[in-house]
Amino acid sequence: MIGLRSVRLRLTLWYVVLLAVILACFSAGVYIFLRTLLYDNLDDTIRNRAVTFLEVLAYEDGRPTLVDQRPFDDPQAGESFVRVFDVSGTATVDNSAEAGHIAVDANAVESALQGRSSTRTLSTDDQSLRVLTVPIQQGADINGVLEIGQSQEDVSTALRSLLLVLAIAYPVTLAAASAGGAFLAGRALSPIDRLTRRARKITAEDLSARLDSNLPDDEVGRLARTLDDMIARLDEAFRRQRQFTADASHELRSPLTTIKGQVGLARSKPRDEAAYLEVLQIVEDEADQMSRIVDSLLTLARADAGHIVIVPESVDLGELINSVSEQMRSAAERKQITLTVDQGPSVVIDGDDDLLIRLVLNLMGNAIKFTPDGGAVALGWGMEDSEATLWVRDTGVGIAPEYLDHIFDRFYRVDSARTQSEEGVGLGLSICQWIAEAHGGSISVSSEVGRGSTFTVRLPMTQLASR
């Protein structure tokens, strides 16, 4: 049973309504055209008869008359008549009685005597006639009036037959076309029905299924491929969400387990003050680690939801990098790392100062973290291809090529064995990537194992709209 909301039913109804209007217009056009043609032919026939009668007119005492009666021996006798009037309007010839009681139209006769022809339609009890009234001229003089009438019955019969044919053909054609329209609509929409049934089987728990990708390159085929692309993106988004949740749970579980273990160890037996202070220090360190995890998670969650408002302002890139390097210098000195700043040209960009500071802090923090004691970290800025660039270079352990495509993934860390010994939760580079992209830029890395890594950020020089 097709519901009233069915696209198939609505398409069929629209098709039927449109076809009904087209057929009605076509039928009306055919009727009007044939009616005009038949009446034109009838008028031509009457005019030809008038020419024939005018050629056989004779005059008796100056009055026009018909001396040759052969025109009255007409197979159309009873369906036509002829009348001749003199200049006074008196009939000299009149056989209208054979066609019925037809009154004389004095206005038509008077008009013809003044040189004007006219055509009119008369109705009798038995039939309808077409009447032509024309003046009889000899040179420039008008000597009388000729009036010829002929039955319209043949025309009326033909038009009635046409109306009957149209009245029968119209609903039959419309019904047949409706059935054909319903069939074609069903055939056209059947691929969409199949797509709908397959789409119902796809759930958030299993997005691996796809719609029919073997459809031709038409509207339905393109729709199926577009939906498949959307499902693939949703599948990837759900997968990343599940992975993100699992990683976040794992990262939070580790410090919680450590805190619980240290507290349990402290309560297991009395200890001296130094031991308690050591436990408290471990608990504080793990709490700081949890705070960093939560802070990073909130930052990324707000960024994904578009709740972080970027406030653009003019930022001197050189001043920003020099300021951040001074903040990180003490951390570098603790590891005896040489920190240098390659001074570049004056570069002013439109950006959010706080977010750009956080980007540079994260990059420098990673560089110092993974550079062995006694190593070196350098950072600088410049311009390239109408873009502002900043880079952080270290002499650390480097990153193997197979890991380079994943280091900006959330919670991704190259060496899981050093996770517990190094501060960080694998979210810093993800935040850096988001900050760069939020400013319309990008971040990239080049690295060599044992030789160090270089992170490069490119930022556009164009005006950044507030968002």
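Quick caveat, the model's predicted, so the values are computed rather than measured.
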Between Val165 and Ser161, is the side chain to side chain contact (heavy atoms under 4.5 Å, CB included) condition met? List the steps. CA-CA 6 Å; Val165 170; Ser161 299; 5.5 Å; no
Side-chain donor/acceptor of Tyr276 to backbone N/O of Pro270, under 3.5 Å: no
Any donor-acceptor pair under 3.5 Å linking the side chain of Ser447 with the backbone of Gly452? yes
Has Thr395 got a side-chain atom pairing as donor or acceptor with Ala376's backbone, closer than 3.5 angstrom? yes
Is Lys260 salt-bridged to Glu286, cutoff N-O under 4.0 Å? no
Measure from the side-chain N and O atoms of Asp394 to the backbone N and O of Val377, and report whether any donor-acceptor pair falls under 3.5 Å. no
Between Asp154, Asp43, Asp40, which is the residue that forms a salt bridge (Lys or Arg N to Asp or Glu O under 4.0 Å) with Arg130? Asp43
Report, as yes or no, whether the 6.0 Å neighbourhood of atom CD on Gln114 holds more than 12 heavy atoms from other residues, nucleotides or ligands. yes
Is atom CZ of Arg267 surrounded by more than 12 heavy atoms (other residues, nucleotides or ligands) closer than 6.0 Å? no
Just wondering, more than 12 heavy atoms not from Glu278 lying within 6.0 Å of its CD? no
So Asp352 and Leu356, side chain to side chain contact (heavy atoms under 4.5 Å, CB included) or not? Walk me through it. CA-CA 6 Å; Asp352 190 301; Leu356 292 175; 5.6 Å; no
For atom CZ of Arg120, is the number of surrounding heavy atoms from other residues, nucleotides or ligands below 6.0 Å larger than 12? yes
Has the side chain of Thr173 got a donor or acceptor atom that lies under 3.5 Å from a matching backbone atom of Ala169? yes
Closer than 3.5 angstrom, by distance alone: can the side chain of Ser27 be matched with the main-chain N or O of Leu23 as a donor-acceptor pair? yes
Under the side chain to side chain contact (heavy atoms under 4.5 Å, CB included) criterion, do Ile399 and Phe370 qualify, and how do the steps go? CA-CA 10 Å; Ile399 305 170; Phe370 297 114; over 6 Å; no
Whether Ser151 side chain and Leu129 backbone form a donor-acceptor pair below 3.5 Å: no
Derivation of the side chain to side chain contact (heavy atoms under 4.5 Å, CB included) call for Val347 and Leu390: CA-CA 10 Å; Val347 178; Leu390 67 91; over 6 Å; no
Results of salt bridge (Lys or Arg N to Asp or Glu O under 4.0 Å) for Glu333 - residues two or more places apart only: none
Between side-chain atoms of residues 336-343 and protein atoms elsewhere (two or more places apart, or another chain), which donor-acceptor pairs fall under 3.5 Å?
from, atom 1, to, atom 2, distance (Å)
Gln343, OE1, Asn322, ND2, 3.4
Gln343, NE2, Asn322, OD1, 3.0

Less than 4.5 Å apart, side chain to side chain, heavy atoms only: is that true for Ile349 and Trp381? no
Measure from the side-chain N and O atoms of Lys335 to the backbone N and O of Gly375, and report whether any donor-acceptor pair falls under 3.5 Å. no
